[in-house]
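Letters A, B, ... mirror the listed sequences (proteins, then strands); counts begin at 1. Small disclaimer: the values here were computed from a predicted structure and weren't measured.
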There are 2 protein chains.
Amino acid sequence: MATRAELREELVKAGIRPSVQRLAIFEYVRQSCQHPTAEVVYEALCDELGSLSLTTVYNTLKLFVDAGLISMLTIDDTFRCFDGNRCCHAHFRCDNCGKIVDLQMKKDFLSLVEGLDTYSVNDAQLYLKGLCPACKNKK
Amino acid sequence: MATRAELREELVKAGIRPSVQRLAIFEYVRQSCQHPTAEVVYEALCDELGSLSLTTVYNTLKLFVDAGLISMLTIDDTFRCFDGNRCCHAHFRCDNCGKIVDLQMKKDFLSLVEGLDTYSVNDAQLYLKGLCPACKNKK
DNA sequence: TATATATTTGCAATGATTTCAAAAATGAAA
DNA sequence: TTTCATTTTTGAAATCATTGCAAATATATA
């Protein structure tokens, strides 16, 4: 769990000026285990920041993704969500309840892919879908 | 390369009535290596079928995905595309030219994921992004 | 303090996808 | 074949997450 000062430092190192909004959004996404959408981030920070624009949230999240500070998930085809967890992990989305959970990896994804030597890889996501344990038992 | 009769049979086995539109759409997606969008499928088949509705294409592709006959890719966050290749493979999307290519896998994805025993997995997609060989060299 | 630059804001626009109800096609029964 | 019910297709309108844009605000520099 990083402190606010550490997160601020991380933004500066990435060449991003740590405005109040940016730091709050960065902190929220980094601390959350919920893979929030832009809308969720907006709702969560609106009060704390007094005023906040949904556009700012979208712009800022894009800024962070482009800087490699967080990642964007497209595991749900109707909305994007964001992930501040920097460890290599896969995602599982339950077709029934919609919950998205992290799954540990035994090894990095890339070790399994052939012929990658001539490519330059910036991002890798492994998405699994089906039924989570709880929903599986209900059926 | 499956024949039209084989594809028809496959639809029937899946409990899907092989209408003219469905068979044409199924054949197109199964034979294509281009990961077409609904729009692309629509444009490609409009003439051949005389009349075709984009809504039919969307509905039919969803029908096939739900039946497990093809898969839907969300590797590009602005549109969905579809994949008729049933072999286990990963996808690479070039950030520069947008092209999506298949990559062979040494082993199945799932072998690398921990704690999956209590889940029921229906779909798995590994998405890689970065620069393809051609775009990498240009920079 | 003045001035330039970077950031935020809110509303309008975008565009892929879905909804919906009518029209057409198909299958079963008579 | 004719009739009737069911399934499929169609096209136009609606949806909604995301982006564009131009004005307002905040911050850095001279």
Where the side chain of [X] meets the backbone of [Y], is there a donor-acceptor pair that is under 3.5 Å apart?
X      : Y      : result
A:E43  : A:V40  : no
A:S111 : A:D108 : yes
B:E48  : B:L45  : no
B:K129 : B:I75  : yes

Examine C:dT17: is either OP1 or OP2 under 4.0 Å from a nitrogen or oxygen in the side chain of B:R80? Give yes or no.
yes
Selection residues 17-29 of chain A - residue pairs positive for side-chain hydrogen bond (donor to acceptor under 3.5 Å, both in side chains), sequence neighbours left out
A:R4-A:E27
Provide the full list of ring-ring contact (aromatic ring centres under 6.0 Å, His included) pairs with a residue in residues 37-70 of chain B, sequence neighbours left out, each pair given once.
B:F26-B:F64
Taking only residues at least two apart or on different chains, which pairs with a member in residues 77-103 of chain B satisfy ring-ring contact (aromatic ring centres under 6.0 Å, His included)?
A:Y119-B:F92, B:H35-B:H91, B:H89-B:H91
Interface with DNA chain C, restricted to residues 2-38 of chain B and to heavy atoms under 4.0 Å:
B:R17
Where along residues 39-77 of chain B does a heavy atom fall under 4.0 Å from DNA chain C?
B:T55, B:Y58
Which residue pairs pass the salt bridge (Lys or Arg N to Asp or Glu O under 4.0 Å) test when at least one of the two sits in residues 58-87 of chain A, sequence neighbours left out?
A:K62-A:D66, A:D76-A:R93, A:D77-B:R80, A:R80-B:D77
